Amino acid sequence: MSDICHLDSDWFVNALATFLIISLVLSYAPQHVRIIQMGSSEGFSPWFLLLGSTSSTAGMLNMITLSWPTIQCCSDVSVGRCLELTAGVIQVTLQWFLFVAILVLYMIYYPARLKYVDIDIPAHGTLPPQHVKTKLLSDDWRLSVNVSWAVGIHLVLNAFITFFLLFTRIPGPGGEIPPQISMWATVLGVSSALLAGIQYAPQLLRTYRAKLVGALSIPMMIIQSPGAAIMSISIALRPGINWTSWAMYAVSGIMQAALLAMCIAWKLRQRRLKIDDFGYPLDSSSSTPLTDDIDTVAGEVSDIQVDDVPYDSDAEDAREDVPLLPKPERSGRNSKFFGWLRL
């Protein structure tokens, strides 16, 4: 351990790590602020958030496992030296925290109008059908709640196994990593890379079908797509690290670049159609989107028996296709300081 604790400082690696830590915060800030400013998380795929959160969790624990001997050096060196030695762990932990924060904001700002199933009750004679909002949870909202639970359970379970193995480890004669810990680190790293490899597929599909940018932040993707390559190199240069620790960031960067290209294409399309990121006309207060919204209600409502469905007839009607209602207000839309975050 003493050899690891007293390695010579590498100014390039340290400068790169510091740059990446600062860049991580700056790159995720546009997405966090955009969701808050728009007051909506519409446009995100719950499966994308599930795969991304579990992938970053596995990547973080993989890094902690492989860097455990280095982390233990912090009891014998100064605070500055400890931060220098554990910069790689700080990077991936910060990346995990910032991505999971998107999931938290997604749940907080999930549009209330999309949480419940809406139905039309046939009226007598020539009267139009009565539109009511039921108390039945939509499939998409139920999926989102289940995703949140799955992410939490995955974190607790994998963290328990990781730290149990680390605190009960018996170092080999030459100080090498015990085989069971090395195997567990490989499992975490490979699972992280596999999850990252398919992470963007649900989001790419959802964004392609919606043909809208939604709450996705283009500035974040512009910063992160090339940043993923830099982060992969930075982690690969760390002592005791193998390909399982940086592969997920390389794969994620490629997939994110594809999503960025798609969002830019839809942004140009929206400007041509004069609609905003959620499909509402820019020159009208109408609440009717000009583009089909696949996120509204997933599942059939035609099989629901009206007599058995609880509903509140006095509840405010929030369905998008109801005419003469004002466009949903989003906080901070007139803010000039955060204007670039709405790209």
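All values below were derived from every heavy atom in this structure, side-chain atoms included, with hydrogens, water molecules and symmetry-related copies excluded. Only a predicted model underlies this, so the values are computations on that prediction, with no experimental measurement involved.
In terms of heavy-atom proximity, P202 sits nearest to I198 at CD-O, 3.2 Å. Between M221 and P226, the shortest heavy-atom distance links the atoms O-CD, 4.4 Å. Across every non-hydrogen atom of V89 and T93, the tightest pair is O-OG1, 2.7 Å. Residues L165 and I181 come closest through the heavy atom pair O-CD1, 3.5 Å. Heavy atoms only, all atoms of each residue included: C263 and V213 are closest at O-CG2, 3.6 Å.
Residues forming a side-chain contact (heavy atoms from CB on, under 4.5 Å) with L157 (at least two apart in sequence, or on another chain): I161. Legend: residues meeting side chain to side chain donor-acceptor pair (under 3.5 Å) with Q203, ordered by chain and number and at least two apart, are T207. Residues meeting the side-chain contact (heavy atoms from CB on, under 4.5 Å) test with L94, sequence neighbours left out: I21, L24, V25, L98. By the side-chain contact (heavy atoms from CB on, under 4.5 Å) test, V145 is found to be paired with M107, W141, W149, residues two or more places apart in sequence or in another chain being considered. Not counting sequence neighbours, the partners of W96 by the side chain to side chain donor-acceptor pair (under 3.5 Å) test are T57. With sequence neighbours left out, the ring-ring contact (aromatic ring centres under 6.0 Å, His included) criterion links F48 to F99, Y200. Residues passing the side chain to side chain donor-acceptor pair (under 3.5 Å) test with S27 are Q224, sequence neighbours excluded. F167 meets the side-chain contact (heavy atoms from CB on, under 4.5 Å) test with W68, F163; sequence neighbours excluded. Under the side chain to side chain donor-acceptor pair (under 3.5 Å) criterion, S45 pairs with no residue, sequence neighbours left out.
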Passes side-chain contact (heavy atoms from CB on, under 4.5 Å), S148 versus L103? Steps please. CA-CA 8 Å; S148 300; L103 173 59; 4.3 Å; yes
Worked check of salt bridge (Lys or Arg N to Asp or Glu O under 4.0 Å) between R34 and D277: CA-CA 12 Å; R34 177 174 170 82; D277 293 333; 2.6 Å; yes
Intermediate values then yes/no, side-chain contact (heavy atoms from CB on, under 4.5 Å), Q31 and I35: CA-CA 6 Å; Q31 184 61 80; I35 295 175; 3.5 Å; yes
As a quick check of understanding, evaluate side-chain contact (heavy atoms from CB on, under 4.5 Å) for S40 and Y109, giving each step before the final call. CA-CA 5 Å; S40 172; Y109 289 96; 5.7 Å; no
Kindly indicate, with the supporting measurements, whether the criterion side-chain contact (heavy atoms from CB on, under 4.5 Å) is fulfilled by F97 and M60. CA-CA 10 Å; F97 174 80; M60 174 185 65; over 6 Å; no
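Remark: side-chain polar atoms of Q270 are not paired, donor with acceptor, to backbone N or O of A265 under 3.5 angstrom. A donor-acceptor pair under 3.5 Å is formed between the side chain of S78 and the backbone N or O of R81. S67 places no side-chain N or O within donor-acceptor distance of the main-chain N or O of T70, the cut-off being under 3.5 Å. At least one donor-acceptor pair under 3.5 Å links the side chain of S191 to the backbone N or O of L188. The backbone N or O of V117 lies less than 3.5 Å from a partner atom in the side chain of T134, making a donor-acceptor pair.
Between the CE atom of M63 and the CD1 atom of I90 there is a distance of 10.0 Å, given to the nearest 0.5 Å. Of the inter-residue distances, the one linking K267 atom NZ with L212 atom CG reads 10.0 Å to the nearest 0.5 angstrom. Once rounded to the nearest 0.5 Å, the distance linking CZ of R142 with CG of L136 reads 8.0 Å. Distance check: S192 OG to N62 CG gives 7.0 Å after rounding to the nearest 0.5 Å. Distance check: S144 OG to F44 CZ gives 12.0 Å after rounding to the nearest 0.5 Å. Interatomic distance, CD1 of I275 versus NZ of K211, reported as 11.5 Å (0.5 Å rounding).
For the residue pair S138 / Y116, no side-chain donor-acceptor distance below 3.5 Å is found, with atom types taken as modelled. With 3.5 Å as the limit, one finds a donor-acceptor pair spanning the side chains of Q95 and Y28.
In the hydrophobic clustering of this structure, L51 does not group with V187; members are Ile, Leu, Val, Met, Phe, Trp, Tyr whose side-chain heavy atoms approach within less than 4.5 Å, directly or through other members. Note on V147 and L105: same hydrophobic cluster, where clusters join Ile, Leu, Val, Met, Phe, Trp and Tyr whose side-chain heavy atoms are under 4.5 Å apart, directly or indirectly. Linking ILVMFWY side-chain heavy atoms closer than 4.5 Å, directly or via other members, places M183 and I64 in two distinct hydrophobic clusters. Linking Ile, Leu, Val, Met, Phe, Trp and Tyr residues whenever their side-chain heavy atoms come within less than 4.5 Å places I108 and L114 in a single cluster. L195 and L155 are assigned to two separate hydrophobic clusters, defined by single-linkage of ILVMFWY side chains at heavy-atom distances under 4.5 Å.
Remark: C82 SG to C73 SG, distance not under 2.5 Å.
Taking Ile, Leu, Val, Met, Phe, Trp and Tyr as hydrophobic and joining them when side-chain heavy atoms fall under 4.5 Å apart, one finds I254 isolated, its cluster having no other members.
For the side chain to side chain donor-acceptor pair (under 3.5 Å) condition, the pairs that include at least one residue of residues 156-168, sequence neighbours left out, are H154-N158, T162-W184. Sorted by first and then second residue, the ring-ring contact (aromatic ring centres under 6.0 Å, His included) pairs with a member in residues 255-275 form an empty list; sequence neighbours excluded.
Between F160 and F164, the ring planes are parallel. Angles under 30° get that label, and only those over 60° would be called perpendicular.
Considering K115, R206, R113 in turn, R206 is the only one that fulfils the salt bridge (Lys or Arg N to Asp or Glu O under 4.0 Å) rule with D140.
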